[in-house]
Amino acid sequence: MTRTGERAVTTRLRMPPWIARIEEPDGRVLGAGVLLAPDRVLTAAHVVNPGLPYVVRFVGVPGVPGVPATAGADEHVPQRVDDFGDRSGDVALLRLAEPMPARHTTRLYRLATPYGAVSMYGFPAGDDGGRWHGATLVAARGRDSQVQLRPQTPGELAAPGFSGGGVVDHATDEVIGIVLSVDDGPASTFSYMSPTETILRHLPQVAAWTDGVEAVSASLRTGATGGTGELDVPFAAELASWFRGEGWPVLVTVVPAHGDRAWTLKRAITLADRELRNQDNTSAFSHDPPETVPPVGGHDIAIDVADLTVGQLLDRIAERLGIRDDPRPERLGALRGSLAAVLVGVDQAADPDALLALLDGLTRQRARLLLVFRHPGQHAERAAQALVDRPLRDRWDMLDAELHRITEELGPALHERRDRVLPDPGTRQLLDQAEAGLRRTRMLRAWTAHAPEQERESRRAELLFTFEDAAERRRRRLEQAIAALDARLRRRDELLGRVKAEWPLFRERAADRGDQVMEAYEYYEFALSLLHQIPCDVDEAEAAAGRFIAYCSGTAPGRKDTP
């Protein structure tokens with residue numbers, strides 16, 4: 001077992017002292033919390049209300065009585081629902097009337113990618129001692145980047161008593177967020193957590209009790225150099241599109257260190273970060289064109305790579321992703337989610353050539369990269385050619401080849417089989433869908449053959465991805481339809497073989513019974529005619545073959561039956 005695995009198992013086998021149970025003064029359990037400082041407990045805002053008295057008990061510290069606590073209005077961020085139905089906020093700090101020993105506290109940890117196994121501790125109804133539940137992080141959700149938690153088993157769905165409880169990442173053994181809520185309704189299968197960086201956005205004071213590398217280099221934040229700039233609207237829209245995950249996954253651009261373009265880049269990086277985007281900077285840009293505003297959580301990391309070696313960059317990325325024991329590039333490919341990284345000053349790295357080689361490997365592992373060069377030149381041109389132009393052209397060529405295969409190979413193969421055999425009634429819908437997909441693919445192939453070159457540019461890559469998905473679906477349906485017809489043809493051949501083999505055997509057995517031979521011959525000829533019919537109705541032919549074989553074996557209901 002790895003060191004990280006040992007740490008995670010150790011945490012789940014014991015009850016950490018930082019686990020808090022939050023109660024009303026009369027003892028009714030409201031939820032859970034995390035002891036971050038001797039006098040501060042982090043929890044969900046819907047568990048407590050500002051100014052009201054509560055009691056906090058630390059179930060992992062035997063013999064310690066309940067501690068009175070209250071939440072101040074300035075440390076209580078209630079849940080809000082925006083116009084799109086997305087939830088945000090729902091975090092709060094309780095202040096303890098009597099501090100706990102510092103050794104009982106824990107710290108939050110910043111972690112970039114919301115995937116992997118976690119555990120949470122909470123207090124479901126009737127279990128005041130609490131229990132661990134396992135879950136898997138699924139993906140960020142909504143504009144507040146709350147993360148979905150899928151329970152490992154149906155019985156581990158986080159009940160209300162888990163609200164505010166810490167979420168422990170198995171790979172790092174760190175507390176990476178708190179449980180917020182459970183989906184409404186009896187069929188609910190998800191709960192949600194607020195990750196550390198989202199908590200920090202709402203409660204910046206929690207940074208004093210937080211570890212883990214920050215996502216954005218200090219030099220890349222809005223206001224880092226004390227200046228402002230004029231928004232470069234076309235460039236801002238291009239950046240926002242990349243942060244939304246649109247277009248080709250690699251964007252190569254040249255941005256000088258100073259000027260409006262540099263300020264526009266910093267603005268985009270800041271607004272796309274879960275921790276840095278706040279009410280102040282959102283309000284400051286509220287009148288900007290909507291297409292220039294990137295979504296929160298649009299990147300995992302944004303690094304000024306000037307003077308950095310490849311090893312230093314890998315260490316930084318690995319720490320953000322929670323990879324502590326093996327930061328090699330190929331290790332990043334094992335992650336379920338794709339890395340979204342902004343690298344600024346690529347041409348000013350300690351070894352730009354080595355860095356470009358690393359980036360080529362990362363793109364093969366599904367990483368999304370925004371690569372910023374400070375000056376135009378060979379490095380920027382090489383990156384654009386190797387990471388954008390050539391692979392994009394190759395993908396279009398592969399699409400053209402796939403469309404050719406569908407229309408020139410699979411389509412004719414389907415028609416050849418449909419001419420020979422009728423489909424099973426249960427597969428007729430599949431065949432109709434395959435035929436319709438074939439017709440649409442012919443039109444798509446004609447479009448791609450005559451489309452203007454600008455339609456194949458990187459900014460229009462969504463078109464390519466849509467066509468690829470459609471081609472894959474249509475190819476798969478055609479292959480399934482062909483396989484279904486092949487199965488019918490094999491069945492027809494099997495029946496034909498049985499009928500032809502049975503006839504001489506029966507004729508030999510019944511040589512002295514001419515009337516039976518003649519009657520059997522009628523069954524035989526009728527079955528053969530149906531089996532040789534084009535297209536063959538296999539069901540009807542199988543019934544006729546069955547009657548012939550039954551007659552020959554003496555199991556037919558009556559020798560005098562006619563077809």
Side-chain angles (χ1 to χ4, degrees), residues 112 213-221 224-225 232 235 238-239 242-243 247-270 272-273 298-321 323 326-333 335 338-395 457-459 461:
V213 64
E214 294 176 300
V216 180
S217 296
S219 61
L220 301 181
R221 304 176 187 186
T225 58
D232 184 331
F235 182 47
E238 183 181 30
L239 293 174
W242 182 87
F243 283 118
W248 189 250
V250 180
L251 174 60
V252 176
T253 187
V254 177
V255 181
H258 304 286
D260 292 342
R261 196 171 171 88
W263 182 84
T264 299
L265 174 66
K266 291 180 181 179
R267 164 193 174 274
I269 292 172
T270 299
D273 184 66
H299 64 72
D300 296 315
I301 191 167
I303 309 175
D304 187 342
V305 298
D307 300 322
L308 289 187
T309 65
V310 167
Q312 289 171 325
L313 174 59
L314 273 176
D315 287 342
R316 180 81 180 273
I317 293 175
E319 186 175 0
R320 280 287 297 157
L321 298 179
I323 302 172
D326 187 2
R328 291 175 299 173
E330 56 268 26
R331 176 69 175 85
L332 304 181
L335 298 174
S338 59
L339 171 72
V342 181
L343 305 181
V344 179
V346 177
D347 49 340
Q348 296 177 340
D351 188 344
D353 293 329
L355 178 54
L356 288 178
L358 169 67
L359 299 178
D360 182 67
L362 291 179
T363 59
R364 297 177 191 278
Q365 296 166 4
R366 300 184 301 121
R368 297 182 57 250
L369 302 174
L370 170 53
L371 305 179
V372 179
F373 293 77
R374 289 307 190 189
H375 306 282
Q378 63 169 336
H379 289 113
E381 292 172 1
R382 279 180 51 202
Q385 180 64 27
L387 304 179
V388 181
D389 299 339
R390 188 185 307 130
L392 182 60
R393 186 171 58 250
D394 290 345
R395 288 276 288 273
E457 294 178 354
S458 59
R459 62 186 178 85

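Geometrically, Arg368 engages Trp242 in a cation-pi contact, judged by NZ or CZ lying under 6.0 Å from the ring centre and within 45° of the ring axis.
In this structure, CG on Leu308 lies 9.0 Å from CG on Leu355, to the nearest 0.5 angstrom. Separating the CG atom in Asp351 from the OG1 atom in Thr309 is a distance of 9.0 Å, to the nearest 0.5 Å. Asp304 CG to Ile269 CD1: the interatomic distance, rounded to the nearest 0.5 Å, is 9.0 Å. Rounding to the nearest 0.5 Å places CD of Glu238 at 7.5 Å from OG of Ser458.
Remark: the backbone N or O of Arg320 is not paired with any side-chain donor or acceptor of Asp300 at under 3.5 angstrom. With hydrogens and angles ignored, the 3.5 Å screen pairs no side-chain donor or acceptor of Arg459 with any backbone N or O of Gly247.
Inter-residue side-chain proximity for Arg382 and Asp353 is flagged as met; some heavy-atom pair is nearer than 4.5 Å. Proximity of Arg374 to Val254: side-chain heavy atoms (C-beta onward) are nowhere separated by under 4.5 Å. Looking at heavy atoms from C-beta onward, Leu239 lies in side-chain contact with Leu251 at the 4.5 angstrom threshold. The closest side-chain heavy-atom distance from Leu321 to Ile301 is not below 4.5 Å. With a 4.5 Å cut-off on side-chain heavy atoms, Thr253 and Phe373 do not count as touching. At least one side-chain heavy atom of Leu356 sits less than 4.5 Å from a side-chain heavy atom of His379. The shortest side-chain heavy-atom distance between Arg395 and Trp248 falls under the 4.5 Å cut-off. A heavy-atom distance below 4.5 Å is found between the side chains of Leu387 and Leu359.
Under the rule for a ring-ring contact (aromatic ring centres under 6.0 Å, His included), the partners of Phe243 that lie at least two apart in sequence or sit in another chain are His299. Considering only residues two or more places apart in sequence or on other chains, Gln385 meets the side chain to side chain donor-acceptor pair (under 3.5 Å) condition with none of them.
Across Leu265 and Val344, no two heavy atoms sit closer than the pair CD2-CG2, 4.2 Å.
Annotation: ring-ring contact (aromatic ring centres under 6.0 Å, His included) contacts involving residues 344-372, sequence neighbours excluded, are absent.
A salt bridge does not link Arg221 to Asp273: none of the charged side-chain nitrogens sits closer than 4.0 Å to a carboxylate oxygen. Using a cutoff of 4.0 Å between basic side-chain nitrogens and carboxylate oxygens, Asp360 and Arg364 are scored as salt-bridged.
Applying the 6.0 Å contact sphere to CG of Asp394 captures more than 12 heavy atoms from other residues, nucleotides or ligands.
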